[in-house]
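Counting starts at 1 for both ligands and their atoms, in listed order. Please read all numbers here as calculations on a predicted model, not as lab measurements.
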Amino acid sequence: MNAAFPLVPWPTAVEPRDGELAFPAAHVVSPEPLRWTLLAAELLTPLGVSVTGGGPEALAEGAPAPDGVVVELRLEDSADRSAGGEAYVLDVRDDGITVTAPEPAGLLHGLRTLRQLVTPRATVPTVVVRDAPRYPWRGLTLDIARHWFGPAVLRRVVDLAGSYKLRVLHLHLTDDQGWRLEIPSRPGLTERSGRTQVGGEVPPGERGWLTVEEYRELQDYAAARFVEVVPEVDLPGHTNAATHAYGELRPDGLPTPLYGGIEVGFSQLWADNPATEPFVRDVLGDVAAMTAGRYVHVGGDEALTLEAGEYARLVGLALDAVRAAGKTPAAWQEAATAAVEPGTVLQFWDPRADAAPLLRAAAAGARFIMSPASHAYCDMKYDADHPIGQDWMGLVELRDAYGWEPSTALPGLPPEAVEGVAAALWTETIVTTDHLFSMLLPRLPALAEVAWTPPSGRDWASFRARVAEHARTWDAEGWAYHPTRQVAWP
Ligand code: ACM
């Protein structure tokens with residue numbers, strides 16, 4: 001592992017050749033020139049590499065030499081298919097660059113790796129990189145309910161997550177403070193609870209929620225970069241925005257007041273209220289119908305006012321509604337006490353809680369996303385003096401985000417039950433886009449490496465040297481970062 005190859009996440013194999021290629025300009029040759037030239041330009045032009053592209057005819061005998069280094073993208077089966085469709089080989093030679101992959105996602109991963117090899121002198125070291133991920137679910141959970149972040153910011157978050165080869169953007173769309181996705185069957189959710197957030201209202205000029213159309217466009221943007229959007233409707237707690245919009249959800253029929261604070265655990269639905277089941281089925285049915293991806297997340301965390309039996313009935317209803325709508329349900333770890341079926345995804349976040357229900361759910365076939373707050377929560381402060389963030393789970397410095405192992409983070413969980421790793425950013429204290437990016441950078445790259453690279457390829461000294469080189473790209477993209485003292489920034 002070598003800082004001359006400042007790759008994050010660290011690949012399966014890096015075989016240096018002994019040279020360097022001048023790389024002021026790239027000519028991308030691919031079977032779909034428009035698509036791949038635009039994707040390559042998006043990655044490379046911020047670093048000063050100009051990009052053109054075209055079809056394979058540029059490589060034909062006697063064709064005029066293209067302007068710039070030929071970057072050939074080849075879909076072919078010779079790439080390691082045992083590692084799944086995300087595997088790729090990046091081959092940088094003196095006379096050109098080739099990315100080979102069995103599926104398009106691997107081609108884009110190869111381009112992302114190439115981008116990380118571009119030096120400040122506009123050169124690339126010659127090298128062969130062979131690579132494939134450890135876990136399929138490599139995600140970021142982002143709360144846009146406590147503070148609203150709109151489509152333009154979300155597209156930049158997709159770019160950042162994608163650049164570290166993440167595959168999942170899980171959006172926490174509903175909470176006590178606001179409701180962020182239009183629901184055609186219950187328009188009052190956004191009409192009455194769409195503009196509020198922690199501390200008051202979303203800024204003037206912002207709507208505060210995604211329309212059906214904006215949600216579709218965001219999913220399309222993400223899908224073009226092989227990122228799947230997983231929507232979360234948090235039930236049966238964290239529901240004050242819903243009970244504010246629809247008082248019928250409460251036993252007394254009266255809407256709850258708007259809530260702009262940051263306490264948790266006070267709101268709920270009622271299992272015996274006749275309005276509850278139609279609400280849950282309609283809302284989750286609408287969300288499932290709007291969602292292109294495979295999963296709908298139903299929350300389930302911190303329903304502290306519900307006794308266990310009522311909680312299990314309500315979560316069981318939500319899981320069933322998602323399955324009935326044709327999607328695979330995901331939920332926070334608390335949902336393990338409800339009727340979990342094989343394939344249900346449980347997101348582990350609280351290492352303080354009793355593990356027994358989680359281990360029973362694993363035995364029943366649940367899949368686990370590992371987001372232990374002590375390592376993966378990017379809303380925790382980096383250090384005691386950090387001006388934003390929380391500290392209820394302690395501090396999460398870069399080394400804490402990097403130095404843990406998903407397969408042993410929940411003692412007793414069979415390693416094969418782990419589907420992946422997700423970073424999480426809750427936004428109670430996150431107000432601006434710079435706040436958002438600086439809580440993710442540099443911790444998100446650390447978590448992306450935990451998700452992608454097996455333990456044998458991970459090394460803190462190597463990581464801190466490699467990630468330092470990324471600040472140039474973050475500056476070029478306008479992504480704020482926290483210059484932690486744990487890294488010697490250039
Ligand atoms: C959570 O942090 N309440 C999932």
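In this structure, His170 and His297 have parallel ring planes: the angle between them is below the 30° cut-off, well short of the 60° mark.
Annotation: atom 3 (N) of ligand 1 to nearest protein heavy atom, Asp301 OD2, 2.7 Å.
Here the side chains of Glu419 and Tyr135 are not in contact, with every heavy-atom distance at 4.5 Å or above.
The existence of a salt bridge linking Arg216 and Asp220 is confirmed by a sub-4.0 Å separation between a basic side-chain nitrogen and an acidic carboxylate oxygen. At a threshold of 4.0 Å, the pair Glu449-Arg466 counts as salt-bridged, since one of the basic side-chain nitrogens sits closer than that to a carboxylate oxygen.
Close approach of ligand 1 to Trp426 (heavy-atom distance below 4.0 Å) involves ligand atoms 1 (C), 2 (O), 4 (C). Distances below 4.0 Å separate heavy atoms of Glu302 from the following atoms of ligand 1: 3 (N).
Considering each of Phe348, Trp332, Tyr377, the one bringing a non-hydrogen atom nearest atom 2 (O) of ligand 1 is Tyr377.
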